[in-house]
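Presented below is the structure to which this report refers.
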Amino acid sequence: MKFGVLGTGMVGKTLADKLISLGHEVAMGSRSAANPAAMQWAAHAGARAHAGTFADAARFGEILINATAGEASLTALQAAGADNLDGKILIDVANPIDIAAGIPPIRLSVCNTDSLAEQVQRAFPHARVVKTLNTMNCRIMVEPSLVEGHHTVFVSGNDNQAKAAVAGLLRSFGWPPEDVMDLGGLESARGTEMFLVLWSYLWGAIGNKPFNILVVTN
Ligand SMILES: NC(=O)c1ccc[n+]([C@@H]2O[C@H](COP(=O)([O-])OP(=O)(O)OC[C@H]3O[C@@H](n4cnc5c(N)ncnc54)[C@H](OP(=O)(O)O)[C@@H]3O)[C@@H](O)[C@H]2O)c1
């Protein structure tokens, strides 16, 4: 399958590497077609790896991943072009960190009554936005076995078929179906984005060891 990964940071590269390792073809997108990180990634990731602008990657991908800085995601997606998003699954892993506020503690640029995922869906009504994987470090996104035993990945979105397709992709990443929790409509992304604040305190308390949360029910 062809994926467009928008984002040249640690998350974009980690997801792009995983997709390549699973046999997919990936175009990594950036503000610049000559972004050094993207070009270096494509040069080392093999013949199925490509680099280009956000628009190039979005045009290329049958499924798209938003792995851009949360505060810049709408700008990056505008550059990707609404036409290139139309009808496609857009997996949103970004978190709307208010960078200017400094960290720690993390503050969010949108929360409570709205979320980045909903902003993206409103801006691109024909994209099929699915929020997932944003509640953990990117190494765990693609290798859940880094954390022992069962632990939870959330999925939010308004399009059930898109969520089912994303759940399938998560399975291919190593997530057992019973660990994939569908939280319902995209407004539930408010909760997973706001989880980042707790995540940052957990990270402070736990340190550099891989961790994730597990939802336990009776
Ligand atoms: N680090 C993790 O483990 C983790 C876990 C969960 C979620 N996340 C979220 O995943 C996303 C990616 O994180 P990251 O650390 O890999 O990268 P990042 O540094 O947050 O974002 C890098 C990407 O954002 C783009 N960008 C930055 N400013 C921009 C602007 N003004 N206009 C357009 N695009 C802009 C960059 O474009 P260029 O390529 O042109 O430089 C680059 O592609 C973030 O939203 C983060 O909160 C991270």
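Order of appearance sets the numbers: ligands from 1, and atoms from 1 within every ligand. All values below were derived from every heavy atom in this structure, side-chain atoms included, with hydrogens, water molecules and symmetry-related copies excluded.
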Which of the ligand 1 atoms, numbered from 1, are nearer than 4.0 Å to a heavy atom of [X]:
X	result
V93	7 (C), 8 (N), 9 (C), 10 (O)
G7	43 (O)
N137	3 (O)
F54	34 (N), 37 (O)

- [ ] Using a distance threshold of 4.0 Å (strictly less than), state whether atom 19 (O) of ligand 1 has a protein heavy-atom neighbour.
- [x] no
Verify the neighbour count for atom [atom1] of [X]: are there more than 12 heavy atoms of other residues, nucleotides or ligands below 6.0 Å?
X	atom1	result
M39	CE	no
E178	CD	yes
R107	CZ	no

Say whether [X], considering both its backbone and side-chain N or O atoms, lies within less than 3.5 Å of an N or O atom on ligand 1.
X	answer
N134	no
A76	no
S32	no
V11	yes
G29	no
M10	yes
T75	no
T135	no

Task: No-hydrogen, no-angle side-chain donor-acceptor test under 3.5 Å, N137 and W199 - done: no
Task: Between N35 and S32, a side-chain donor and acceptor under 3.5 Å - done: no
Open item on the list: Taking a cutoff of less than 4.0 Å between a non-hydrogen atom of the residue and any ligand atom, is R139 in contact with ligand 1?
Closed with: no
Open item on the list: Taking a cutoff of less than 4.0 Å between a non-hydrogen atom of the residue and any ligand atom, is M141 in contact with ligand 1?
Closed with: yes
Task: Distance (rounded to the nearest 0.5 Å) between D83 CG and K88 NZ - done: 10.0 Å
Task: Spacing of CD belonging to E62 relative to NZ belonging to K2, to within rounding of 0.5 Å - done: 6.5 Å
Open item on the list: Quick one: does any side-chain atom of N212 pair with a main-chain N or O of T152 as donor and acceptor, under 3.5 Å?
Closed with: yes
Open item on the list: Check for me, please, whether L170 and F154 land in the same ILVMFWY cluster - side-chain distances under 4.5 Å, paths through other members count.
Closed with: no
- [ ] Heavy-atom distances under 4.0 Å are what count here, so tell me which part of N35 touches ligand 1: side chain, backbone, both or neither.
- [x] side chain
Open item on the list: Applying side chain to side chain donor-acceptor pair (under 3.5 Å) to T14 and D17, what does each step give before you reach the verdict?
Closed with: CA-CA 5 Å; T14 303; D17 278 339; 6.0 Å; no
